[in-house]
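What you are looking at is a predicted structure, and each value in this text was computed from that prediction instead of being measured.
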Amino acid sequence: MKSLVCGADGHFHAGDTCGSVCAPDIGCAVCVPQTGTCTGNSSHTCTADGTGYIDAVCDPAQGEACDANTGACTGACAAQVLGSSYIGCEYYPTITGNTAGTSFDFAIAIANTANADATLTIEDGALTTPLSVVVPANTVKVQILPWQLALKLCPGAATDACIDGSMGQAALAPKGAYHVRSNQPVTVYQFNTLEYAKGSDFSFSNDASLLLPTNVWRNNYLAASWAGLANVNGSEFAVTAMMDGTNVTINTKANSIAGGGAPAFAAGTPQTVALMAGDVIELTSRDGDFTGSSISGDKPVQVISGHYCVDVPDGVAACDHIEESMFSVDALGRRYMINAPAVTSIPSGKAEVVRIIATGAGTNLTYEPPQPGAPTTIANAGDFVEISGTTASFLITADQKVLVAQYMEGQNAGGGTGDPAMTLAVPVEQFRNSYLFHAPTNYESNYVDVTAPVGATVMLDGAPVTFTAVGASGFALARVYPLTAGPGGDGSHNISGSMPFGITVYGYGQYTSYWYPGGLNLTDIIN
């Protein structure tokens with residue numbers, strides 16, 4: 001048969017003889033897109049480019065069924081419906097090492113973005129039986145989960161039980177991550193730990209991560225961390241698999257010690273480990289810095305990176321756990337807006353540290369407004385440069401993709417509250433027009449920083465946001481404080497704008513803080 005190809009005149013013309021099928025808008029192809037077959041609840045569908053087939057299981061726990069007409073999974077959680085963002089239906093909350101006592105809680109906050117109730121199934125991790133959790137439409141539910149002690153690296157019930165050199169070295173935990181599936185799209189955050197105080201006792205060590213759904217997991221990542229503290233508290237990251245038979249190759253920037261079933265790693269020497277679905281490998285380095293380490297899977301993986309308990313800057317009290325779910329290299333961009341976090345005593349922004357990690361050699365950087373003394377080049381892929389003690393707002397532009405991490409400084413660095421926390425800056429290319437985000441109501445103060453193009457209109461919970469332009473960057477900043485408990489009183493907020501914009505969410509308690517991106521798109525960006 002002859003293929004039909006689109007000519008410059010806008011009409012179809014005969015082309016080459018097809019060995020298989022002739023697909024509209026494509027021509028000769030292996031199969032016709034949007035066609036396939038069902039075998040029970042298993043889908044066998046043609047790819048969008050007609051080059052082959054994709055096999056998948058339509059998961060009833062995610063509200064999916066196989067459509068006999070197209071062979072594709074259908075439902076609100078189907079891949080073609082979800083798109084690529086922080087909103088999804090399947091997640092793997094994963095505990096990372098933290099010195100806080102087990103008397104405080106690990107928890108996830110589930111924000112239901114749908115107009116229907118969401119029913120979630122949670123299993124594995126430290127659960128002995130699965131949980132079923134219902135989150136009503138447009139609300140947030142906080143679900144406490146038992147500590148997975150192998151990954152926490154500190155089994156003690158008392159606060160600071162493992163701060164003086166008794167932290168675990170590493171772990172390889174079969175089914176160590178929690179497996180969360182929802183029948184409606186939701187957003188999931190993890191809190192390690194949830195509370196900063198219980199009665200008169202303080203946890204001293206908290207942070208939170210925006211978790212990314214499995215439909216946007218990819219194969220290649222860089223880690224953002226910090227150097228080991230006084231050869232006691234370690235730099236760390238955890239890798240979680242979503243499929244059986246996942247081979248993960250890790251090339252660390254620092255040496256790690258074997259422990260908990262995980263092998264030792266030597267800096268600069270790639271090593272491969274095999275993981276099954278839900279398995280986690282966690283590495284730590286007490287005397288090195290994992291920032292810039294590369295993690296590559298032959299199947300998609302999740303990477304949560306941070307530190308057991310870190311001083312920022314080094315030697316300035318007090319140490320605090322930091323963590324964040326890494327964006328894949330595919331989702332990274334070349335432009336990032338940076339804003340220092342505010343506190344009530346420093347409303348214009350408390351000093352922070354910004355790290356820029358290169359994905360390619362010879363990366364060049366510019367800043368608007370210009371930042372005196374800021375580095376302008378990064379020599380090698382995986383290397384990073386640092387801007388320390390900055391309170392400025394500015395746009396970073398790189399000529400290659402970069403990963404940008406922001407580090408909140410400790411309580412003794414100024415402000416009288418909080419301690420280190422880490423977030424990832426969101427690429428401008430991944431800004432969205434709307435977000436549902438969560439700010440926990442049990443903290444003393446919460447903020448949302450909003451970065452939008454100059455001239456954009458942004459509404460937070462129905463009220464307009466007021467902006468101040470950032471130099472000649474073309475962007476403007478708004479810091480919203482106090483951030484109330486929201487319309488529903490549960491910490492859930494809606495924000496939308498006339499143009500794509502970005503948000504970060506953070507908050508403070510005595511001796512602790514949290515910080516995470518409020519959301520983002522996670523489309524693949526071609527360099």
Side-chain angles (χ1 to χ4, degrees), residues 91-100 102 106 124-126 145-156 162 165-179 190 192-193 205 207-209 211-212 217 221-229 232-242 246-267 270-297 301-310 321-326 422:
Y91 296 84
Y92 280 88
T94 302
I95 291 169
T96 59
N98 189 350
T99 184
T102 54
F106 176 82
D124 299 333
L145 297 171
W147 288 106
Q148 219 292 358
L149 294 179
L151 297 174
K152 187 179 182 298
L153 304 179
C154 172
C162 303
S166 55
M167 65 171 284
Q169 299 289 357
L172 181 57
K175 299 288 185 182
Y178 290 98
H179 188 195
Q190 71 175 39
N192 186 359
T193 64
S205 189
D207 204 2
S209 298
L211 295 180
L212 306 181
W217 290 16
Y221 295 82
L222 293 173
S225 184
W226 198 270
L229 176 61
V232 173
N233 300 327
S235 187
E236 64 185 19
F237 65 84
V239 184
T240 304
M242 62 180 285
T246 298
N247 295 302
V248 182
T249 300
I250 300 172
N251 189 358
T252 63
K253 287 285 190 173
N255 296 331
S256 74
I257 301 173
F265 282 73
Q271 188 174 173
T272 300
V273 294
L275 302 177
M276 301 294 280
D279 290 357
V280 181
I281 183 169
E282 182 176 24
L283 304 181
T284 72
S285 179
R286 295 188 184 185
D287 58 358
D289 189 342
F290 280 146
T291 299
S293 298
S294 65
I295 299 97
S296 300
V301 295
Q302 170 184 263
V303 178
I304 298 179
S305 186
H307 200 284
Y308 186 73
C309 196
V310 64
H321 173 69
I322 61 172
E323 67 167 53
E324 195 57 70
S325 185
M326 298 293 103
M422 178 177 74

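Legend: residues meeting salt bridge (charged side-chain N to carboxylate O under 4.0 Å, His left out) with D124, ordered by chain and number and at least two apart, are absent. For Q302, the side chain to side chain donor-acceptor pair (under 3.5 Å) partners two or more places apart in sequence, or in a different chain, are T94. Remark: L172 pairs with A262, L275, I281 by the side chain to side chain contact (heavy atoms under 4.5 Å, CB included) rule, at least two apart or across chains. Residues satisfying the side chain to side chain donor-acceptor pair (under 3.5 Å) criterion with N247, sequence neighbours excluded, are D298. Taking the side chain to side chain donor-acceptor pair (under 3.5 Å) definition, one finds that T284 meets it with nothing, sequence neighbours left out. Checked against side chain to side chain donor-acceptor pair (under 3.5 Å), T193 has the following partners two or more places apart in sequence or in another chain: N206. Checked against ring pair (Phe, Tyr, Trp, His ring centres under 6.0 Å), Y92 has the following partners two or more places apart in sequence or in another chain: H179, W217.
Here the rule is side chain to side chain donor-acceptor pair (under 3.5 Å) with T96, and of Q190, H307, E323 only E323 fits it.
When every heavy atom of T99 is checked against every heavy atom of C309, the shortest pair comes out as CG2-SG, 3.8 Å. Of all heavy-atom pairs between P270 and T249, the closest is CB-CG2, 4.0 Å. Of all the heavy atoms in A171 and L151, the pair that sits closest is CB-CD2, 4.0 Å. Nearest heavy atoms, S209 versus I304: OG-CG2, 4.4 Å.
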Show me the donor-acceptor pairs, under 3.5 Å and distance only, between side chains in residues 290-297 and residues at least two apart or in other chains.
| unit_1 | atom_1 | unit_2 | atom_2 | d |
| --- | --- | --- | --- | --- |
| T291 | OG1 | S225 | N | 2.9 |
| T291 | OG1 | S225 | O | 3.1 |
| T291 | OG1 | D289 | OD1 | 2.8 |
| T291 | OG1 | R355 | NH1 | 2.9 |
| S293 | OG | K253 | N | 2.9 |
| S293 | OG | F290 | O | 2.7 |
| S296 | OG | N220 | OD1 | 2.9 |

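Screening residues 273-283 for salt bridge (charged side-chain N to carboxylate O under 4.0 Å, His left out) gives no qualifying pairs among residues at least two apart or on separate chains.
Put simply, the side chain of W226 does not reach to within 4.5 Å of the side chain of N233, judged on heavy atoms. Within the 4.5 Å cutoff, side-chain heavy atoms of L149 are placed close to those of T102. In this structure, V303 and L222 have side chains that are not in contact, with every pair of non-hydrogen atoms separated by 4.5 Å or more.
Note that the CE atom of M326 and the CG atom of L212 stand 9.5 Å from one another [nearest 0.5 Å]. Separation of atoms CG (N192) and CD1 (I322) is listed at 12.0 Å; rounding is to 0.5 Å. For the atom pair Y178 OH and Q148 CD, the distance stands at 6.5 Å (nearest 0.5 Å). One finds the OG atom of S305 at 10.0 Å from the CG atom of L283 (value rounded to the nearest 0.5 Å). The structure places OG1 of T252 at 8.5 Å from CD of Q271, a figure rounded to the nearest 0.5 Å. To the nearest 0.5 Å, the span separating OH on Y91 from OG1 on T240 amounts to 15.0 Å.
S256 and S285 form no side-chain donor-acceptor contact under 3.5 Å, judged by distance and modelled atom types alone.
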Could you walk me through whether I250 and F237 pass the side chain to side chain contact (heavy atoms under 4.5 Å, CB included) check?
CA-CA 11 Å; I250 300 172; F237 65 84; 3.7 Å; yes

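Remark: side-chain polar atoms of K175 are not paired, donor with acceptor, to backbone N or O of A126 under 3.5 angstrom. When atom types are taken as modelled, the side chain of N98 and the backbone of K152 share no donor-acceptor pair closer than 3.5 angstrom. A donor-acceptor pair is defined here as one N or O able to donate and one able to accept, closer than 3.5 Å; no such pair exists between the side chain of R286 and the backbone of I257.
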